[in-house]
Amino acid sequence: MRAVGLLLLLLALCGSGAQGELQETETTKTTTADIWAEVRALRDMVVELKVELRNVQAAVTDSESQVEELKAELMVTNVYVELLQRENSELQTRLSSSESELLISKTRIETLERENTERKVAFYTGLTNSRHVGPFNTDITLKYIKVFTNVGDAYNPSTGFFTAPVRGVYYFQFTMGGYQTGNMGVYVYKNNQRIMYNLEYKEEAGHDYMTNSVVLELMAGDEIHLVLPKGFSLFDSADNESTFSGSLLFTL
Ligand SMILES: *[C@@H]1O[C@H](CO)[C@@H](O)[C@H](O)[C@H]1NC(C)=O
């Protein structure tokens, strides 16, 4: 704008020169020279401005391409953020399903621990220290009162009954011993039902033994006990001649 103004001023000055005095004085010569100097300066300025303009244009182009680059980068970033968000929500889904799996496992472990505790069932007992038991004129339940082992407390020495705490397969063993005893005998009962006879018509005067065992599938609450048959007898002392033992082999 300033350059255009100066040009107009210059033209006005030239015009007045042509129209005005015909005589050229020294002063006029000087003035003309000044004007031309001014014109050259202006031309130089225009050249400079052009250069500057080109520089500015280059800078603008540069900035524009930078903006484009940034836009592209932003787009990539957006896509990346979206991917991360999706991944994050997938991870959260997996985490919560892991948590519920963990809860199920915990419950399962608790059940297994309880079952494992219930599974610890084993007893080993001796009949008495007071030597001869029987004969009696009726069947009697044998109460093995020397309790050496009773893990799980399934055997009750005050009744002589073993009660299965869980459904499972159980192993029972008993030894009937005699010393100068008449006929020895033991019946095995499951609940109210006799399931085994063990009778021995003893003739020797010394010690005599008989051992037998059963493997039984029992329901929780089923009872096992031994009975001394009417007319038969047993012998037990601190030497443990007559014993009764059992254990849970595995649950069902
Ligand atoms: C009888 O059995 C108990 C338990 O096993 C034992 O402590 C005791 O020594 C036994 N008696 C004899 C004389 O072996």
Side-chain angles (χ1 to χ4, degrees), residues 113-252:
E113 277 176 347
R114 202 173 43 242
E115 278 177 7
N116 196 39
T117 307
E118 284 169 353
R119 224 179 13 235
K120 288 175 181 162
V121 179
F123 72 98
Y124 168 54
T125 60
L127 187 58
T128 178
N129 277 347
S130 38
R131 301 166 69 83
H132 294 279
V133 178
F136 301 106
N137 53 17
T138 177
D139 290 358
I140 61 146
T141 294
L142 289 166
K143 294 175 188 170
Y144 291 75
I145 56 164
K146 295 186 288 182
V147 178
F148 304 128
T149 303
N150 198 8
V151 177
D153 282 320
Y155 174 75
N156 183 349
S158 63
T159 61
F161 278 56
F162 171 87
T163 307
V166 286
R167 185 182 170 210
V169 175
Y170 292 80
Y171 176 84
F172 296 96
Q173 181 176 293
F174 56 90
T175 293
M176 49 185 197
Y179 173 66
Q180 299 175 336
T181 307
N183 298 329
M184 298 193 303
V186 163
Y187 294 154
V188 180
Y189 272 75
K190 177 184 171 184
N191 300 326
N192 295 321
Q193 191 193 348
R194 189 167 57 205
I195 60 168
M196 197 190 244
Y197 263 78
N198 296 276
L199 303 176
E200 175 150 333
Y201 297 92
K202 188 175 175 316
E203 275 147 28
E204 311 96 82
H207 280 98
D208 196 21
Y209 297 94
M210 180 192 176
T211 294
N212 209 343
S213 57
V214 282
V215 172
L216 296 171
E217 187 181 324
L218 301 180
M219 303 301 290
D222 276 349
E223 291 171 327
I224 300 296
H225 71 280
L226 304 182
V227 166
L228 179 69
K230 167 186 165 188
F232 286 76
S233 51
L234 293 176
F235 181 87
D236 193 29
S237 69
D239 291 337
N240 308 315
E241 287 93 345
S242 293
T243 58
F244 177 34
S245 58
S247 61
L248 170 62
L249 296 179
F250 48 86
T251 54
L252 288 173

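All ligand and atom numbering here is 1-based and tracks the order in the structure. Computed from heavy atoms alone, side chains included, the values below leave out hydrogens, waters and symmetry copies. Fair warning: this is a prediction, and the values are worked out from it, not measured in the lab.
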To which protein heavy atom is [atom] closest, and what is the distance rounded to 0.1 Å?
| atom | value |
| --- | --- |
| atom 12 (C) of ligand 1 | A238 O, 3.3 Å |
| atom 5 (O) of ligand 1 | Y124 CE2, 4.0 Å |
| atom 3 (C) of ligand 1 | F148 CE2, 3.5 Å |
| atom 2 (O) of ligand 1 | N240 ND2, 2.4 Å |

Please tell me whether F123 and F244 form a close aromatic pair, meaning their ring centres lie under 6.0 Å apart.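 Centroid distance F123-F244: below 6.0 Å, so yes.
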Hey, do the aromatic rings of F162 and F172 have their centres closer than 6.0 Å?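 Yes, they do, as the ring centres are separated by less than 6.0 Å.
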Region of D239 engaging ligand 1 - heavy atom pairs below 4.0 Å: both
Does the protein place any heavy atom closer than 4.0 Å to atom 7 (O) of ligand 1? no
So with a 6.0 Å cut-off around NZ of K146, is the heavy-atom count from everything else above 12?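 More than 12 within 6.0 Å, yes.
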Taking the side chain as everything from C-beta on, heavy atoms only, tell me whether Y144 gets closer than 4.5 Å to D236. no
List the residues meeting side chain to side chain contact (heavy atoms under 4.5 Å, CB included) with K120, not counting sequence neighbours, and say none if there are none. N116, V151
